[in-house]
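Below is one structure, written out as C-alpha cells; comments come after it.
A quick note: this is a predicted structure, and the numbers were derived from the prediction, not measured. If you read the sequence from its start, that first residue is 1, and numbering goes on from there. The figures here come from the full heavy-atom set of this structure, side chains too, leaving out hydrogens, waters and symmetry mates.
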Amino acid sequence: MRIIGADDPILPSALAVPHLAFAEPGTHVGHAGTPQLTEAVDARAADGSVERAIARIRAGLTAVAAAVEQGSVLSAGQHQPLAGITEIVGVGTLPTARRRGLALAVTAALVADARARGAATVFLSAGDNDVAQIYARLGFRKIGTALIAEPAE
C-alpha cells in the first residue's frame, strides 16, 4: 500500500484500475484482471487522464493511493484536498482481486494521507449499501443522501 507520486511509473495503472472496477460494479469477484489492465492503461494515456492527474498531484490537488502486488496495481483511489476538506473518490479494486480487503486498505491510506495534509473533514460517497458497510469499518457514517440532476433526454 502506498501513495503514488506524479513520477511513479505505476500511476497510469492506478488510474486505470478503478475504471475496470466500476465497469463490474459490486463487491463480488469479477472477470476483469491484469490482462485487461493494459488496455485500460492505454485508454487513460490516450484520453489525457494521466497528464491531468500528474499536474493535479504536483499542484497538491490530488493524492493517489494504490495496493500493489508483484508490481501490479490491484486497487487504487484518490482524494482531492482543498482548504482542510477532502473527498475520497474513485476507489476501486480489479475485479479478479476483490474480497481481499484491498479497497478498505486503500481508503485507510487515503484517510491517513488526508489527515497528514491537515484535512479536518474527509468525506466520500458509497455506490451502494454493501460498499457503505465497508467504509463504516473505517469510521465513516451516513449523514445524508446524495442526489444528481442529469440532463433530460
Cluster companions of I143 among Ile, Leu, Val, Met, Phe, Trp, Tyr (side-chain spacing under 4.5 Å): none
Here the pair of heavy atoms bringing Q78 nearest to L15 is NE2-CD2, 3.5 Å
Please list all pairs passing the salt bridge (Lys or Arg N to Asp or Glu O under 4.0 Å) test where one or both residues lie in residues 29-48, with sequence neighbours left out. R44-D47
What are the two closest non-hydrogen atoms of F123 and I85, and how far apart are they? CE2-CG2, 3.7 Å
Residue list, side chain to side chain donor-acceptor pair (under 3.5 Å) with S13, at least two apart or on another chain: none
Could you name each residue pair satisfying salt bridge (Lys or Arg N to Asp or Glu O under 4.0 Å) that touches residues 62-87, not counting sequence neighbours? E69-R100
Determine whether V50 and V73 fall in the same hydrophobic cluster, where Ile, Leu, Val, Met, Phe, Trp and Tyr are linked whenever their side-chain heavy atoms lie under 4.5 Å apart. yes
Is there a path of hydrophobic side-chain contacts, each under 4.5 Å between heavy atoms of I, L, V, M, F, W or Y residues, that connects V41 with I57? yes
Partners of T96 by side chain to side chain donor-acceptor pair (under 3.5 Å), sequence neighbours excluded? none
E24 side chain to A32 main-chain N or O, any donor-acceptor pair under 3.5 Å? yes
If hydrophobic clusters are built from ILVMFWY residues whose side chains come within less than 4.5 Å, do L37 and V64 share one? yes
Are L104 and V131 co-members of a hydrophobic cluster defined by side-chain heavy atoms under 4.5 Å apart? yes
P81 to G60 - nearest heavy-atom pair and separation: CG-O, 3.4 Å
For residues 51-67, pull every pair meeting salt bridge (Lys or Arg N to Asp or Glu O under 4.0 Å), keeping only residues two or more places apart or in separate chains. D7-R58
Can you pull the side-chain hydrogen bond (donor to acceptor under 3.5 Å, both in side chains) pairs that have at least one residue in residues 116-142, sequence neighbours excluded? D113-R117
Can you list everything that forms a side chain to side chain donor-acceptor pair (under 3.5 Å) with T86? Sequence neighbours excluded, please. H79
If I compare all heavy atoms of A97 with all of L102, which pair ends up nearest, and what's the gap? O-CD1, 3.7 Å
Please answer: with hydrophobic residues joined when any side-chain heavy atoms are less than 4.5 Å apart, are I134 and M1 in the same cluster? yes
Set of residues satisfying side-chain contact (heavy atoms from CB on, under 4.5 Å) with respect to R2, sequence neighbours excluded: I4, D8, I10, V68
Who are the side-chain contact (heavy atoms from CB on, under 4.5 Å) partners of A55, not counting sequence neighbours? none
List for me each residue that meets side-chain contact (heavy atoms from CB on, under 4.5 Å) alongside T34, sequence neighbours excluded, and say none if there are none. S72, L94
Side-chain contact test, heavy atoms from C-beta onward, threshold under 4.5 Å: evaluate it for T107 versus L124 and give yes or no. yes
If you draw a 6.0 Å radius around NE2 in H31, do more than 12 non-hydrogen atoms from other residues or ligands fall strictly inside? no
Closest non-hydrogen atom pair between V17 and G92, with its separation: CG1-O, 3.6 Å
Remaining members of L82's ILVMFWY cluster at a side-chain heavy-atom cut-off under 4.5 Å? none
CG/L61 to CD/Q80 distance, rounded to the nearest 0.5 angstrom? 8.0 Å
For a quick test of reading the model, state the closest non-hydrogen atom pair linking A76 to V106 and the distance between them. C-CG1, 3.8 Å
